[in-house]
A.B. asks: 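Sharing a structure with you now.
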There are 2 protein chains.
Amino acid sequence: MHSNRTRPNLSQIAALLDVSVATVSNALSGKGRVSNELADKIRATASDLGYVPGTAGRALRTGRSYVLGLVLPDIANPLFPQIAQAIEHAAAKAGYGVLIADSRGDVAMQTEVINRLLERGVDGVVILPRRGTRISDIGSPIAVIDSSSTPGNTVSADHWQGGQLVAEHLVSLGHSKILIIGNNPDSNVQNDRIGGMKSRIPAKVQSETIWIERLEAAAHVGCSLGLDRKFKEGFTAFATVSDLHALRALTELLGCGITVPEQASVTGFDDLTWSSAFRPALTTIHMDMPAIAKIAVDALTSAIEGNAAGDTPPTPGPVRPLPDACESVPMTLVVRQTSAPPRLTAA
Amino acid sequence: MHSNRTRPNLSQIAALLDVSVATVSNALSGKGRVSNELADKIRATASDLGYVPGTAGRALRTGRSYVLGLVLPDIANPLFPQIAQAIEHAAAKAGYGVLIADSRGDVAMQTEVINRLLERGVDGVVILPRRGTRISDIGSPIAVIDSSSTPGNTVSADHWQGGQLVAEHLVSLGHSKILIIGNNPDSNVQNDRIGGMKSRIPAKVQSETIWIERLEAAAHVGCSLGLDRKFKEGFTAFATVSDLHALRALTELLGCGITVPEQASVTGFDDLTWSSAFRPALTTIHMDMPAIAKIAVDALTSAIEGNAAGDTPPTPGPVRPLPDACESVPMTLVVRQTSAPPRLTAA
DNA sequence: TCCGGGCGATTAATCGTTTAATCAGGTCCC
DNA sequence: GGGACCTGATTAAACGATTAATCGCCCGGA
């Protein structure tokens, strides 16, 4: 590969072989009619020069930038690394780049950053909407990753089924009083997870749900969740909707002298990267982000490229998963060290 | 703002006002010679149509895309959200978008993803290099964020000074045996942090350094760090180089029945988002990512735009901070609940 | 009256790629 | 021998924005 100061373009190759730029373009894209030997020569010098088509010219001509936007409600979300990595990887495989945008938790900002992405010419947008947000109709295809109970959702983890896994696990361990710990009752994701849990808690097993934000509104942020009292009431399993809350519950229990998992079990959700970095390592529910990202990106790119091929006008708005893909990706249970059968106290 | 199906362009505005596209362009950019009243009319209809210059045409003509690349050694790094958010914000303020790339910890991949970004036409690259990587000379300006002891570093947190803060804090609390817990002795960042700590540990205070990766190589991943033995040896303070390791140390101590902060203090580094989400909340060192990002982006954009203005040929390779900016951004101590004076055991 | 010059706007070229339309030349068949 | 047809290539236009060069016009001074 030559190392020129400026990147080679079609006309350089054309001049070198004394052919027209159109022929070079045809040869490299395989679209027009070019003799095999000439096409070979062209491909050879192209790779010799290290030619890659300039995105600017192509975008101008074709109207497509091969860039997707990724919109997150809050980029500081600890789940973000997994998501960004998976989306970037899936997009790269499909030949797309990923432009990030952060709405910083602000609802108004969410539409603003989407507009900024569109102004930059992205071909489509992957969005993890902020709680309770309706995505207004923008002029481009959108893939929504949230929860199957969100209208317009494209794909998401099967939070309900994940909740079922948690409940089944704890019940099968022999727990008979399970405390479900949610954060915000307005979250579709959390409601799905909790709904799934409840659906698999048999009648003979007691359960109760508490919401952290409500507790904190009544007291102060970072207040005690009162788990020691719940433990004394007989709860031996504490099922949270997020690893973050599981860690909080875990440290609160340990701080009260309640051992985990001997006296009490704790479960999380999401399998954040650090969830296995401490002792006892968290039992949690893992989501298959690569699969979710692939479905979202496939749906998006097919909508985009379908459009371009298209007799039909562009299809803006939320996209559906491809026929052979599902909207809900199963979650898996990761049993580590915070769950065990309850110690049988003398009856 | 009209809501057309296709985005307005210069010629639409020109046709509407019966002027040439050049005049419209001049009026909007304020460069050519246009009468005030015509310029006003043009600006009015432009904003009425919701015109924003298309990036493709502009990029093609000017050779600049107003997009920066952000390269991370491992996007799954828990520090990534803060970094990405800060860079994205700083870039957006400067009128640039941010394209992400993830080298997935692979050194060879690092140069590959940089090339992919360049092929996409980014104007510059912000990179957090993988340990021990030399950034080969690419044809574009690069801002390197690592540590001041890294050659070619553009800007970074003052890890050394952060280490000093930790040591001063622990020493002032009265600790006289401090265990420093590092992960990988090849990391410039970790060495800086530990060097800073040692530089502020007076002779009368004992200290010792252990490396997690070495311990794990000798035993197994996730093995005990042997902190209970260290505690019995008299160590009362455990200073780690990362919140991740602090959490590990904290849970190991708690699991051994050693109370924090009453019997032992633990400190982290980086102030990860979840560091305050559990009890006892971590005492840690916070880095001013927004400031770092601003310096990096400013240096990058000024190199880019200096080039364009330029008589001089483009300045590829690592950029320096602007004259009024510094290379090392001070870190701050965040005292929470894991640090306190050591309990005086009966002598 | 004629020329120089400033102002306000237009013309035209350019960036790199794609693609529809066209063209030159050869082959085949009636 | 002359159209029909196929093949392999070229020509030219187009995408949208920027910008150097140009042009017409009016005004002032000689």
Side-chain angles (χ1 to χ4, degrees), chain A residues 4-43 46 49-66 95 118-121 123 305 308-310 314, chain B residues 4 6-43 46 49-67 95 118-121 123 305 308-310 314:
Chain A
N4 294 338
R5 190 124 297 279
T6 68
R7 281 172 43 179
N9 54 17
L10 286 184
S11 41
Q12 286 183 29
I13 302 179
L16 224 60
L17 295 177
D18 202 43
V19 294
S20 73
V21 288
T23 302
V24 178
S25 175
N26 283 331
L28 294 178
S29 66
K31 285 197 173 169
R33 288 184 299 215
V34 187
S35 70
N36 283 334
E37 50 179 345
L38 180 52
D40 282 342
K41 265 200 297 187
I42 289 176
R43 276 189 290 265
L49 261 56
Y51 169 79
V52 282
T55 50
R58 163 174 292 175
L60 182 54
R61 177 62 222 248
T62 64
R64 288 197 288 137
S65 60
Y66 285 94
L118 294 177
E119 290 171 7
R120 284 201 178 279
D123 294 331
E305 287 162 22
Chain B
N4 294 339
T6 69
R7 281 173 42 180
N9 55 16
L10 284 186
S11 41
Q12 286 184 27
I13 301 179
L16 226 59
L17 295 178
D18 203 43
V19 294
S20 73
V21 288
T23 302
V24 178
S25 174
N26 283 331
L28 295 178
S29 67
K31 285 195 173 169
R33 289 184 299 213
V34 187
S35 68
N36 284 334
E37 49 178 343
L38 180 52
D40 282 342
K41 265 201 296 187
I42 290 176
R43 277 190 290 265
L49 261 57
Y51 170 79
V52 283
T55 51
R58 163 176 291 175
L60 183 55
R61 177 62 221 248
T62 63
R64 288 198 288 136
S65 60
Y66 285 94
V67 172
L118 294 176
E119 289 171 8
R120 284 200 178 280
D123 294 331
E305 288 162 21

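Bear in mind that the values here come from a model prediction, so they are computed numbers and not experimental data.
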A.B. asks: Which residue lies toward the 5' end of DNA chain C, G57(B) or V19(B), if each is placed at its nearest nucleotide?
C.D. replies: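 Of the two residues, V19(B) wins.
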A.B. asks: Find the distance K31(B):NZ to dA20(D):P and express it as a whole number of Å.
C.D. replies: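 After rounding, the reported distance stands at 9 Å.
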A.B. asks: Not counting sequence neighbours, which residues clear side-chain hydrogen bond (donor to acceptor under 3.5 Å, both in side chains) with S35(A)? List them please.
C.D. replies: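 Listed in chain order: nothing, the list is empty.
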A.B. asks: Would you tell me if any nitrogen or oxygen in the side chain of R58(A) comes within less than 4.0 Å of OP1 or OP2 on dT18(C)?
C.D. replies: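 Result: yes.
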A.B. asks: May I ask you to decide if K31(B)'s main-chain N or O and N26(B)'s side chain share a donor-acceptor pair within less than 3.5 Å?
C.D. replies: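 Answer holds: no.
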A.B. asks: Which residue, L60(B) or A22(B), contacts DNA chain C at a nucleotide closer to its 5' end, judged by nearest heavy atom?
C.D. replies: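 Looking at the nearest nucleotide for each, A22(B) comes out on the 5' side.
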A.B. asks: Would one find a side-chain N or O of S25(B) under 4.0 angstrom from OP1 or OP2 of dT18(D)?
C.D. replies: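 S25(B) to dT18(D) OP1/OP2: side-chain N or O found under 4.0 Å.
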A.B. asks: Between dT17(C) atom C1' and R61(A) atom CZ, what is the distance in whole Å?
C.D. replies: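 Between C1' of dT17(C) and CZ of R61(A): 8 Å.
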A.B. asks: Can you tell me how far CG of L38(B) sits from CZ of R43(B), rounded to the nearest 0.5 angstrom?
C.D. replies: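 Spacing of CZ (R43(B)) from CG (L38(B)) equals 9.5 Å.
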A.B. asks: Once rounded to the nearest 0.5 Å, what's the spacing between atom CD1 of I13(B) and atom CG of L49(B)?
C.D. replies: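 The distance works out to 6.0 Å.
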A.B. asks: Would you mind reporting whether Q12(A) and Y51(A) have side-chain heavy atoms less than 4.5 Å apart?
C.D. replies: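 Contact flag for Y51(A)/Q12(A) side chains = no.
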A.B. asks: How is A56(A) classified with respect to the nucleic acid when contacts are heavy atoms under 4.0 Å: base, sugar-phosphate, or nothing?
C.D. replies: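 Since no nucleic acid heavy atom lies under 4.0 Å of A56(A), the category is nothing.
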A.B. asks: Expressed in angstrom and rounded to an integer, what is the separation of N36(B) atom CG from dG8(C) atom C1'?
C.D. replies: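 Rounded to whole Å, this separation is 11 Å.
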A.B. asks: Restricting to nitrogen or oxygen on both sides, can you table the protein-nucleotides 21-26 of chain C pairs closer than 3.5 Å?
C.D. replies:
none

A.B. asks: Counting any heavy atom closer than 4.0 Å, what does S20(B) reach on the DNA or RNA strands: base, sugar-phosphate only, or nothing?
C.D. replies: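 S20(B): base contact, heavy atoms under 4.0 Å.
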A.B. asks: Could you state the atom-to-atom distance from CD of E37(A) to P of dT7(D) in whole Å?
C.D. replies: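 These atoms are roughly 16 Å apart.
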A.B. asks: Check the distance between dT18(D)'s P and N9(B)'s CG and give it to me in whole angstrom.
C.D. replies: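 Atom-to-atom, N9(B) to dT18(D), this comes out as 12 Å.
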A.B. asks: Donor-acceptor check, side chain of T62(A) to backbone of R58(A), threshold 3.5 angstrom: yes or no?
C.D. replies: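 Flag set: sc T62(A) to bb R58(A) pair under 3.5 Å.
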A.B. asks: Should S35(A) be listed as having a side-chain N or O under 4.0 Å from OP1 or OP2 of dG8(D)?
C.D. replies: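 For dG8(D), OP1/OP2 do not have a side-chain N/O of S35(A) under 4.0 Å.
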A.B. asks: For the pair made of CG in L28(B) and C1' in dT19(D), what is the distance, rounded to whole Å?
C.D. replies: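 Atom CG in L28(B) sits about 15 Å away from atom C1' in dT19(D).
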A.B. asks: Give the rounded distance in Å between these two atoms: CG of D40(A) and C1' of dA9(D).
C.D. replies: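 From D40(A) CG to dA9(D) C1': 16 Å.
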A.B. asks: Side chains of V24(A) and L17(A): closer than 4.5 Å at any heavy-atom pair?
C.D. replies: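 Counting from C-beta outward, V24(A) and L17(A) never come under 4.5 Å.
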A.B. asks: Output the rounded distance in Å from OH (Y66(A)) to C1' (dT17(C)).
C.D. replies: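 Taking atom C1' of dT17(C) as the reference, OH of Y66(A) is at 12 Å.
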